[in-house]
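Everything below concerns the one structure shown next.
Bear in mind that the values here come from a model prediction, so they are computed numbers and not experimental data.
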Amino acid sequence: MKNRDDKQSTIERNSEKKSPDENRAPIDFIRAIIARDLKNNKNDSRVHTRFPPEPNGYLHIGHAKSICLNFGIAAENTGGLCNLRFDDTNPSKEDQEYIDSIFEDIRWLGFDWEDRLYYASDYFEKLYEFALQLINDGKAYVCDLSAEEIRQHRGTLTEPGKDSPYRNRTVEENLDLFQKMRAGEFPDGSRVLRAKIDMKSPNMNMRDPVLYRILRATHHRTGDAWCIYPMYDYTHPISDSLEGITHSICTLEFEDHRPLYDWSLDELDIFRSRQIEFARLNISYTVMSKRMLLKLVEEGLVSGWDDPRMPTISGLRRRGYTPQSIRTFCECIGVAKKDSMVDVALLEHSIRDDLNTGAPRVMAVLRPLRVVIENYPEDLVEEFEIANHPNDPTMGSRKVPFSRILYIEQDDFMEEPPKKFFRLGPGREVRLRNAYFITCRDVVKDANTGEITELRCTYDPATRGGDAPDGRKVKGTLHWVSAEHSIKAAVRLYDRLFTIPNPAAENNFKTYLNPESLVSLKECRIEPGLKEAAPGSRFQFERQGYFCVDMKDSSVDSPVFNRIVTLRDTWAKIEKKEPGEK
RNA sequence: UGGGAUGUCGUCUAACGGCAGGACACGAGAAUUUGGAUCUCGUUAUGGUGGUUCGAAUCCACCCGUCCCAGCCA
């Protein structure tokens with residue numbers, strides 16, 4: 001049996017409509033391990049995890065998976081805790097800007113580290129003392145080999161390494177040298193402290209790994225107090241141990257490092273945290289490595305870490321994704337050890353699903369086509385009371401003006417419509433959503449370009465509200481705005497960043513950037529009521545998709561909307577399937 | 001070719017010796033004042049070969065595929 005608390009809270013996490021039993025998310029292998037540990041009273045029945053980002057970039061949705069896992073596990077278990085710890089042992093790559101962004105992103109996702117904020121750099125003094133202890137125990141030595149020489153001594157995947165000539169220095173000499181390293185008596189890169197393990201180990205990580213390097217770089221927290229910095233493999237287990245972390249969850253590539261993780265704790269004889277590895281998140285049509293994301297930012301291929309096309313938390317936030325949708329997504333994808341690539345369609349589903357319930361419906365015309373209702377009085381303006389959500393009356397309604405000159409979507413008219421096209425065409429009748437039936441009587445074109453500039457239509461006054469008293473049906477319903485009353489807006493149509501499912505596997509991933517990942521429209525017309533829309537607020541533009549008021553660039557005078565995700569589009573599918581039908 | 005992992009529908013993930021299930025995607029249909037949402041139905045999977053067993057995705061053997069490791073990065 002699984003641990004009771006664990007099971008109980010798993011039920012709570014998912015308790016929406018269905019009965020708890022059929023709704024219970026399956027327990028992943030990590031939660032199973034924790035449940036077993038709890039049952040065996042391991043760690044005094046404590047569950048303590050940590051999220052350990054390096055502040056060398058912005059968090060992405062892969063980190064969200066880890067955050068949801070670590071903070072989620074803590075929340076599911078009574079008394080469970082999750083620390084936030086910055087793994088800041090490499091000052092040459094790290095920056096306060098990243099730390100601040102990480103705070104913001106974790107909070108925004110809905111998680112709280114309370115008073116448990118830690119920095120590996122806070123342990124520098126203790127780490128140093130532990131290193132002294134290792135030296136005293138004959139488990140570490142100062143090595144004078146250059147980086148290149150160390151590499152040569154390390155051997156290869158198939159050949160064992162050779163011992164360093166400095167491997168057998170006396171404890172006294174090592175102590176003296178290491179203290180001098182700290183005191184700044186040697187130049188950068190001239191010496192390192194190494195663990196004395198086994199140069200013949202088939203695991204490269206055990207071939208006397210470097211524990212400390214000399215590096216004169218100003219640390220964002222400790223300043224110039226140190227000129228030697230500990231390595232990840234040495235710092236991480238000790239930090240976990242010091243904080244009493246029971247389950248140290250990380251990604252698969254650290255599997256080979258676990259023997260070293262365990263070695264450190266064993267040799268130092270301190271609290272034994274357990275490292276567990278899971279498969280990192282990959283999503284199709286994007287890249288997920290900080291290295292590649294940094295490249296996109298540095299080379300100006302995106303507007304920044306928070307470009308709405310980026311898979312970063314800040315990018316998704318600006319795009320309009322809700323924290324809930326990301327948490328749901330992370331729960332849906334599961335946790336396992338198999339390398340995998342999640343279909344981006346699942347991410348899109350999670351935000352559609354969330355916004356379908358909560359986002360008010362409005363009308364916006366992205367590519368306006370002028371429509372004149374010839375039999376509608378010149379100076380009449382009607383106001384239609386329109387529901388904000390067709391299936392949820394509690395969301396209220398709003399007034400939308402209607403007049404003789406309107407805009408509809410260019411895509412909603414075809415001069416020679418194919419069979420399955422239900423929208424407007426010459427002589428055809430359609431419904432204007434929540435307004436009238438109109439019939440297209442004439443098409444006006446630019447004499448020079450042949451471009452359609454205006455549609456002349458008539459309306460049926462008896463169809464006010466959108467129903468015909470004589471019972472006649474129309475197949476199509478179009479959205480619209482009143483030309484005079486609508487507001488001009490800019491809309492950014494975002495699409496997937498890359499054209500191929502796995503750009504990271506290519507030699508030059510930038511070759512596959514999607515040139516249409518951003519289409520900027522500047523002449524869109526939106527309902528007048530949208531003027532007051534707050535930055536960050538989300539709407540469904542009917543028949544088109546979900547949109548979000550941009551948090552940086554939008555203003556009352558010139559509103560800017562980001563497309564979060566399109567609606568499922570059956571017509572687009574038909575078009576794609578039968579392109580000749582046009 | 002050393003070591004460490006990992007193979008279940010198109011994708012992700014369950015089933016822990018006893019009916020291969022769910023989600024997304026896809027397809028068909030119903031209904032529809034969003035070609036949305038909703039509802040109904042459906043297609044598709046245990047990498048391979050042997051073995052153990054009344055019974056194998058699950059246990060054993062061999063084979064095959066994929067991923068990770070030779071930073072003074074994390």
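- Neither side chain, A:Gln275 nor A:Tyr261, offers a donor N or O lying under 3.5 Å from an acceptor on the other.
- The gap from the C1' atom of B:A20 to that of B:A45 amounts to 9 Å, rounded to the nearest Å.
- For B:U66, the OP1/OP2 oxygens have no side-chain nitrogen or oxygen of A:Lys338 closer than 4.0 Å.
- Remark: the A:Arg423 side chain and the B:G35 base include a donor-acceptor N/O pair separated by less than 3.5 Å.
- In the interface, the side chain of A:Asp569 is not paired with the base of B:G35 through any donor and acceptor atom under 3.5 Å apart.
- Minimum atom distance to the side chain of A:Leu567 is reached by B:U34, of the listed B:C69, B:U34, B:C12.
- Side-chain atoms of A:Ser397 and A:Asn388 form no donor-acceptor pair, as typed in the model, at a separation below 3.5 Å.
- Of the listed nucleotides (B:U34, B:A74, B:A70), B:A74 has the atom at the smallest distance from the side chain of A:His257.
- For A:Met231, counting side-chain heavy atoms from C-beta on, the closest listed nucleotide (B:G71, B:A37, B:G35) is B:G71.
- B:G71 shows a glycosidic angle within 90° of 0 and is accordingly assigned syn.
- In a base pair of the Watson-Crick type (N1 to N3 plus N6-O4 or O6-N4) or a G-U wobble (N1-O2 and O6-N3), with each distance short of 3.5 Å, B:A5 is matched with B:U66.
- Under a 4.0 Å N-O distance rule, the pair A:Asp411/A:Arg423 does not qualify as a salt bridge.
- The one candidate from A:Ile564, A:Thr566, A:Leu567 that meets the side chain to side chain contact (heavy atoms under 4.5 Å, CB included) condition with A:Arg352 is A:Thr566.
- Look at the C1' atom in both B:U8 and B:G21: the space between them is 11 Å, to the nearest Å.
- In this structure a side-chain-to-backbone donor-acceptor pair under 3.5 Å is present from A:Thr463 to A:Asp460.
- Using C1' as the reference atom, B:A5 and B:C9 are 24 Å apart when rounded to the nearest Å.
- We find that CE of A:Met288 is positioned 16 Å from P of B:C68, with the value rounded to whole Å.
- A:Tyr546 places no side-chain N or O within donor-acceptor distance of the main-chain N or O of A:Ile351, the cut-off being under 3.5 Å.
- A salt bridge between A:Glu575 and A:Lys420 is absent, with no side-chain N of the basic residue lying under 4.0 Å from a carboxylate O of the acidic one.
- A salt bridge does not link A:Arg191 to A:Glu185: none of the charged side-chain nitrogens sits closer than 4.0 Å to a carboxylate oxygen.
- Contact of A:Gln540 with B:U34 (side chain to base): a donor-acceptor pair of N or O atoms is detected under 3.5 Å.
- Within the nucleic acid shown, A:Phe421 comes within 4.0 Å of at least one base atom, counting heavy atoms only.
- Between A:Glu409 and A:Arg367 no salt bridge is recorded (no basic side-chain N to carboxylate O distance below 4.0 Å).
- Taking the C1' atom of each, B:C64 and B:G10 are spaced 22 Å apart, rounded to whole Å.
- No aromatic stack links A:Tyr232 and the base of B:A74, using centre distance under 5.5 Å and interplanar angle under 30°.
- For A:Asn391, the listed nucleotide lying nearest its side chain is B:G36; candidates were B:G36, B:C69, B:G35.
- Which of B:U13, B:U6, B:A37 sits closest to the side chain of A:Lys337 comes down to B:U6.
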Report all interatomic pairs (protein N or O, nucleotide N or O of nucleotides 22-31 of chain B) with separations under 3.5 Å.
from, atom 1, to, atom 2, distance (Å)
B:C26, OP1, A:Lys573, NZ, 3.4

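- Atom CE in A:Met204 sits about 15 Å away from atom C1' in B:C72, given to the nearest Å.
- Toward the 5' end of RNA chain B, the nearer of the two residues A:Lys473 and A:Leu157, judged by each one's closest nucleotide, is A:Leu157.
- Put simply, A:Thr570 has a side-chain N or O that comes within less than 4.0 Å of OP1 or OP2 on B:G36.
- A donor-acceptor contact shorter than 3.5 Å is absent between the side chain of A:His153 and the backbone of A:Glu148.
- As rounded to the nearest Å, B:U38 and B:U49 have C1' atoms that lie 49 Å from one another.
- If you check B:U58 for Watson-Crick or wobble pairing at under 3.5 angstrom, you find it has no partner at all.
- Ranking B:C12, B:A74, B:G35 by closeness to the A:Phe254 side chain, first place goes to B:A74.
- In this structure, the nucleotide among B:A74, B:G71, B:U34 sitting nearest to the side chain of A:Pro390 is B:U34.
- A distance of about 35 Å separates the C1' atoms of B:U43 and B:C60, rounded to the whole Å.
- The nucleotide B:U53 finds no pairing partner, because no Watson-Crick or G-U wobble arrangement with both distances shorter than 3.5 Å includes it.
- Figure legend. B:C73 is base-paired to no nucleotide; pairs are counted as Watson-Crick or G-U wobble with both atom distances under 3.5 Å.
- A donor-acceptor pair under 3.5 Å is formed between the side chain of A:Arg207 and the backbone N or O of A:Arg154.
- Distance noted for atom C1' between B:C73 and B:G7: 30 Å (whole Å).
- Nearest to the side-chain atoms of A:Val192 among the listed nucleotides B:C68, B:C12, B:C72 stands B:C72.
- With a cut-off of 3.5 Å on both pairing distances, the Watson-Crick or G-U wobble partner of B:A28 is B:U40.
- The listed nucleotides are B:G36, B:G35, B:A74; the one nearest the side chain of A:Asp87 is B:A74.
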For a salt bridge (charged side-chain N to carboxylate O under 4.0 Å, His left out) check, start with the C-alpha distance between A:Lys290 and A:Glu54, then their side-chain angles and the critical distance, and finish with the verdict. CA-CA 11 Å; A:Lys290 277 195 208 173; A:Glu54 186 193 10; 5.1 Å; no
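- The residue among A:Ser190 and A:Glu255 whose nearest nucleotide of RNA chain B is located toward the 5' end is A:Glu255.
- Across the strands present, B:G21 finds its partner in B:U13; the criterion is a Watson-Crick or G-U wobble pair with both atom distances under 3.5 angstrom.
- Sorted by residue number, the members of residues 207-217 of chain A with any non-hydrogen atom under 4.0 Å from RNA chain B read A:Val210, A:Arg213.
- A distance of about 15 Å separates the P atoms of B:C62 and B:U1, rounded to the whole Å.
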